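Order of listing sets the numbers, starting from 1, for every ligand and every atom in it. Please read all numbers here as calculations on a predicted model, not as lab measurements.
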Amino acid sequence: MVVEKIRIRLIYPDGSYYEYYTFAGVNLWHTMAANGIDVAGSCSGRGTCGKCKVRIEGQVNDLSEEEREYLLAEEIKSGERLACYCYVNEAVDVYLHYGDFNSDVKVKLFREINNLQPEVEWRQIFVPGLDKQTPVPLQRRIKKALPGLMLDLSSHNWNELATLDRVGRPALELHCLVFAQQLVRAVSRAEKRAYGIVLDLGSTSIFAALVDLQSGKIRSMTAKTNMQRVYGADVISRVSYCLDNSDGLTRLHQVLINNINAAIEELQRDAEISPDDIYDFAVVGNPVMLHLLLGINPSGFATAPYSGIFVDELTFNVHELGFTAGDNATVYILPQAGGFVGADRCLLSATAV
Ligand code: FES
């Protein structure tokens, strides 16, 4: 069976836009919420608050009498609709009336500390070409040219190198991306860009900053409303949602991942980089949010002594979490202060803002 996919383009007041694909026939409010987009409204898409107004260009279902009651005649004339009443069957442009992310307090905070110490550098090496009589694997030749360093390359990177290593080539000039003077995370013919992303997962908003790992400078920032709010306004009600619904944890986890990927894709688009240019993620947040991020049952926060199952740092490959990034990217979850206090509070107090 062929399932039809359609494009949704969301256009913010400043003219910037975000596109994603979804299935024909879905409810606009629900698909936006599931994709981590800030959807106005306070009735969780039940059609009773009248606040999820958007202007739509493209074909959606006809205006119902019920929806009409929430809209002024001029709004109807200009194409305004309530997102939670709309079902999309073909590509649409959706104009949002909000989304001034630059006013976020954490954007200001990160501008203040925009001078991180870089620990990443490119090193040039020359390795002998592949000898027909006494062939030495390229891995060994690279290791010999980088004494004391460890190789941590993705299979995709090894595949790229395989295309370069041909018999008859006298030598190979390669560039190596070295982290903290000890770990080689990429080897290529030319120097490329290397970025990391800082994520702060709050219960009401998600903040993300793209950091140039070589200069230590922030290239781009964004903040998004945490769409888990649809399932509970605060972390306590979200913990309850997980306890009360068999698929509650899965749902909150997936909404958060979609939310984060929307932020990541926006940063990539702003800086015109590809997912392969991202090597590291540093994640802070309150402990309940970190449990939901990892899909770990947060029931420990529901009763005394109100603690989760981890508090120290954790490390994952990016694909375990489903972030949009290159194969070799690593996700570092920073240590929490404990209880309901996460590493984000430590960051804020350390910078005394
Ligand atoms: S979200 Fe309340 S009317 Fe649409």
### Task
Please confirm if an N, O or S atom belonging to Cys52, backbone or side chain, lies less than 2.8 Å from atom 4 (Fe) of ligand 1.
yes
### Task
Verify whether the ring centers belonging to Phe281 and Tyr332 lie closer than 6.0 Å.
no
#### Entry: Donor-acceptor side-chain pairing of Asn261 and Thr324 below 3.5 angstrom
yes
### Query
How are the rings of Tyr279 and Phe179 set relative to one another: parallel (under 30°), tilted (30 to 60°) or perpendicular (over 60°)?
tilted
### Which of the ligand 1 atoms, numbered from 1, are nearer than 4.0 Å to a heavy atom of Thr48
3 (S)
### Atom pair CG/CG of Asp152 and Leu183 - distance to nearest 0.5 Å
5.0 Å
### Message
Only heavy atoms of Gly45, strictly under 4.0 Å: list the atoms of ligand 1 that pass.
### Response
1 (S)
### Query
Which atoms from ligand 1 have a heavy atom of Cys49 less than 4.0 Å away?
1 (S), 2 (Fe), 3 (S)
### Task
Under 4.0 Å from a heavy atom of Gly50: give me the atoms of ligand 1 that qualify, with their elements.
2 (Fe), 3 (S)
### Query
Which one holds for Tyr70 and ligand 1: side chain close, backbone close, both close, or neither close, with close meaning a heavy atom under 4.0 Å?
neither
### Query
What is the distance from atom CG of Leu267 to atom CZ of Arg219, rounded to the nearest 0.5 Å?
10.5 Å
### Task
Just say parallel, tilted or perpendicular for the rings of His175 and Trp122, cut-offs at 30° and 60°.
perpendicular
### Query
Which ligand 1 atoms does Gly47 reach within 4.0 Å, using its non-hydrogen atoms?
3 (S)
